[in-house]
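Below: the structure, in structure tokens.
Note that this is a predicted model, so its numbers are computed, not measured.
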Amino acid sequence: MAKIQMKTPLVEMDGDEMTRIMWQMIKDELLLPYIDLKTEYYDLGLEYRNQTDDQVTIDSAEATKKYGVAVKCATITPNAARMSEYDLKEMWKSPNGTIRAALDGTVFRTPIQVKGIEPCVKNWEQPITLARHAYGDVYKNTEIKVPGPGKAELVFTAEDGTEIREVIHEFDGPGILQGIHNMDRSITSFARACFSYALDTKQDLWFATKDTISKKYDHNFKDIFQEIYEKEYKERFEAAGLEYFYTLIDDAVARVMKTQGGFIWACKNYDGDVMSDMVSSACGSLAMMTSVLVSPDGVYEYEAAHGTVQRHYYKHLEGEETSTNSVATIFAWTGALHKRGELDEIPELAEFADKLERAVLKTIEGGKMTKDLALITSLESVTVLNTLNFIRAVRETMETM
Ligand code: NAP
Ligand code: MG
């Protein structure tokens with residue numbers, strides 16, 4: 001059979017440890033036999049990042065802007081232990097942080113739902129996609145531990161020297177203080193990314209903050225979303241039969257538990273951090289969670305939500321068999337290939353990506369899975385496969401389809 005041809009290359013960002021091992025297996029077993037795979041390869045493995053003083057990460061982000069679609073393997077974010085393990089020149093920044101900053105993107109995370117791995121919330125029939133604003137608020141805060149009595153004020157000094165001043169609190173004893181910020185520019189990008197992604201995936205969009213209490217800060221988020229919606233997206237939403245829905249965060253949390261799923265839930269940075277862990281844990285496993293970074297001008301970077309699975313990698317290095325779940329990494333590839341097929345008008349490529357996803361789900365539903373899923377499945381007869389054999393089982397399923 002002739003291989004599927006591509007037009008524009010995908011930006012391929014290789015990574016570290018066990019996910020790097022799976023990366024190659026996925027390419028060898030599931031992609032290269034069927035696709036004349038065109039990629040522009042960037043090695044984001046920690047060794048090469050260190051060799052290039054992290055320039056390779058910056059280059060890969062630039063290439064993503066140029067070509068529009070990237071697929072990324074999980075990478076190590078260096079800490080003190082990694083400094084000595086890899087003999088690093090510097091404690092390089094998180095590649096995801098660097099890429100996110102370059103693309104000004106919003107991260108969308110969706111659980112991969114499959115029969116046999118049911119969410120704890122019984123009524124969640126469709127996956128809930130979490131859209132987390134990735135800039136500011138408590139993640140870029142300034143804090144003071146107040147030693148004793150005194151007055152705390154919030155002061156803004158404009159470039160021309162004029163001041164805006166508000167009393168925060170008159171302390172009569174020790175306490176704590178925190179200053180946080182966000183920018184209209186960032187919130188606007190976040191809103192656009194959410195509305196575009198909702199249209200792209202044909203799902204309703206929910207957004208929630210605490211604007212009744214935070215009458216300026218959170219209210220600003222609400223107003224910007226509403227303004228962008230009305231000016232730029234309302235007509236397209238209505239034409240597509242989609243809804244944009246704003247409510248209070250506590251109301252959203254209560255309602256989410258009662259829905260059937262199948263929508264996008266946009267959250268401020270902290271809410272998104274907390275709620276995405278809740279949704280993913282309720283759906284079984286981090287290895288069953290896709291993640292895509294979408295920039296406001298329509299650039300996409302697909303990856304798995306989990307890390308490099310370090311513990312399994314050390315077993316692998318000792319020659320021990322591992323049963324590492326490759327589903328999220330496979331879905332990173334299929335997400336990117338599907339998008340490339342769509343943008344370049346290569347229907348075979350998009351269809352291949354869909355078929356590979358169905359083959360993954362069918363393999364698991366047929367009882368063949370990795371250990372992490374075997375531990376939580378409701379299926380009765382299960383075969384636990386090792387890392388490579390699971391990928392080969394997916395290939396067999398795909399061959400029969
Ligand atoms: P992790 O790689 O997500 O793994 C944590 C644990 O979750 C594993 O030990 C394993 O549990 C389970 N797990 C995760 N993915 C799995 C999979 N595909 N199949 C089976 N089990 C899976 O997180 P980590 O160990 O905290 O971090 C390792 C490295 O990844 C760190 O250097 C961190 O910087 C990096 N990281 C990268 C990204 C990214 O690039 N997006 C994200 C997070 C972390 P058991 O050991 O119990 O089997
Ligand atoms: Mg978290």
Side-chain angles (χ1 to χ4, degrees), residues 6 9-32 34-35 37-45 57 60-61 63-64 67-76 94-96 99-100 103 105-114 127 129-130 197 200-201 276 280 283 285-295 299-309 324-343 349-350 352-361 363-364 370 372 387 390-391 394-395 398:
M6 292 176 66
L10 277 179
V11 177
E12 175 183 355
M13 305 170 175
D14 207 344
D16 288 299
E17 300 194 311
M18 201 59 211
T19 39
R20 188 180 180 99
I21 306 287
M22 292 199 288
W23 194 257
Q24 197 57 49
M25 289 176 181
I26 291 166
K27 282 172 69 179
D28 289 343
E29 296 286 334
L30 301 175
L31 304 177
L32 293 170
Y34 307 102
I35 304 172
L37 196 65
K38 260 200 191 138
T39 74
E40 193 162 291
Y41 179 86
Y42 292 86
D43 184 0
L44 301 198
T57 309
S60 74
T64 305
Y67 293 113
V69 186
V71 55
K72 180 179 172 292
C73 180
T75 47
I76 293 170
S94 147
N96 287 48
I99 295 164
R100 213 175 282 160
L103 302 183
T106 299
V107 178
F108 296 85
R109 293 202 157 168
T110 312
I112 301 162
Q113 282 182 215
V114 51
T129 298
L130 241 295
Y197 195 70
D200 203 25
T201 58
S276 64
S280 71
C283 291
S285 161
L286 256 194
M288 298 295 281
M289 189 92 171
T290 64
S291 185
V292 56
L293 176 72
V294 182
S295 86
V299 167
Y300 294 77
E301 183 246 310
Y302 293 85
E303 59 174 349
H306 59 78
T308 60
V309 213
T324 316
N325 189 333
S326 51
V327 172
T329 307
I330 297 173
F331 272 63
W333 274 102
T334 53
L337 289 168
H338 186 106
K339 181 52 76 183
R340 202 62 275 170
E342 211 178 279
L343 295 175
L349 190 60
F352 172 82
D354 293 345
K355 191 167 158 186
L356 178 49
E357 289 185 0
R358 287 201 307 278
V360 169
L361 303 183
T363 305
I364 298 170
T370 45
D372 56 315
T387 309
F390 174 75
I391 291 171
V394 170
R395 182 170 177 178
M398 192 162 61

For T19 and G307, which heavy atoms make the closest approach, and how far apart are they?
CG2-O, 3.5 Å
Could you check K72 against Y42 for side chain to side chain contact (heavy atoms under 4.5 Å, CB included), going step by step and ending with a plain yes or no?
CA-CA 9 Å; K72 180 179 172 292; Y42 292 86; over 6 Å; no
Do the side chains of N325 and V309 get nearer than 4.5 Å, heavy atoms only?
no
Take atom NZ in K27; do more than 12 heavy atoms of anything else shown fall under 6.0 Å from it?
yes
So how far is it from D28 CG to I391 CD1, rounded to the nearest 0.5 Å?
9.5 Å
Do you know the tightest heavy-atom contact between I99 and S60?
CD1-OG, 4.4 Å
Looking at every heavy atom in both T75 and P95, which two are closest together, and how far apart are they?
OG1-CG, 3.4 Å
Which atom pair, heavy atoms only, marks the closest approach of S280 to L286?
OG-CD2, 4.2 Å
Taking every heavy atom of Y67 against every heavy atom of P9, the minimum-distance pair comes out as CE2-CG, 3.7 Å
Heavy atoms, side chains only, cut-off 4.5 Å: are K339 and V71 in contact?
no
As an exercise, state the distance from OH of Y302 to OG1 of T290, rounded to the nearest 0.5 Å.
9.5 Å
Between the main-chain N or O of N96 and the side-chain N or O of S94, is there a donor-acceptor pair closer than 3.5 Å?
yes
Which pair of heavy atoms, one from G45 and one from D16, lies closest together, and at what distance?
CA-OD1, 3.3 Å
Answer whether the closest heavy-atom distance between the side chains of V327 and I364 falls below 4.5 Å.
yes
Between C73 and L44, does the side chain to side chain contact (heavy atoms under 4.5 Å, CB included) criterion hold? Intermediate values first, please.
CA-CA 8 Å; C73 180; L44 301 198; over 6 Å; no
Can you tell me how far the OG1 atom of T57 sits from the CG atom of D43, to the nearest 0.5 Å?
9.5 Å
Within a strict 4.5 Å, meaning less than it, do heavy atoms of the H306 and M289 side chains meet?
no
Considering only heavy atoms from C-beta outward, does the side chain of D200 approach that of F108 to under 4.5 Å?
no
Backbone of G15 reached by a side-chain donor or acceptor of R20 within 3.5 Å
yes
Between the CE atom in M25 and the CG atom in L31, the distance rounded to the nearest 0.5 Å is 14.0 Å
Closer than 3.5 angstrom, by distance alone: can the side chain of T324 be matched with the main-chain N or O of T387 as a donor-acceptor pair?
no
Hey, are the side chains of W23 and T329 touching, using non-hydrogen atoms and a 4.5 Å cut-off?
yes
We want to know whether E357 and T334 form a side-chain donor-acceptor pair, criterion being a heavy-atom distance below 3.5 angstrom.
yes
Kindly compute the distance separating CD (E17) from CD1 (I76), expressed to the nearest 0.5 Å.
3.5 Å
Should M13 and T64 count as side-chain neighbours, where that means a heavy-atom distance under 4.5 Å?
yes
For a side chain to side chain contact (heavy atoms under 4.5 Å, CB included) check, start with the C-alpha distance between L37 and L337, then their side-chain angles and the critical distance, and finish with the verdict.
CA-CA 10 Å; L37 196 65; L337 289 168; 4.1 Å; yes
Taking the side chain as everything from C-beta on, heavy atoms only, tell me whether E12 gets closer than 4.5 Å to W333.
yes
d(L349 CG, L10 CG) to nearest 0.5 Å is 7.5 Å
Could you walk me through whether M22 and F390 satisfy the side chain to side chain contact (heavy atoms under 4.5 Å, CB included) test, starting with their C-alpha distance in whole Å, then the side-chain angles of each, then the deciding distance to 0.1 Å, before giving a yes or no?
CA-CA 11 Å; M22 292 199 288; F390 174 75; over 6 Å; no
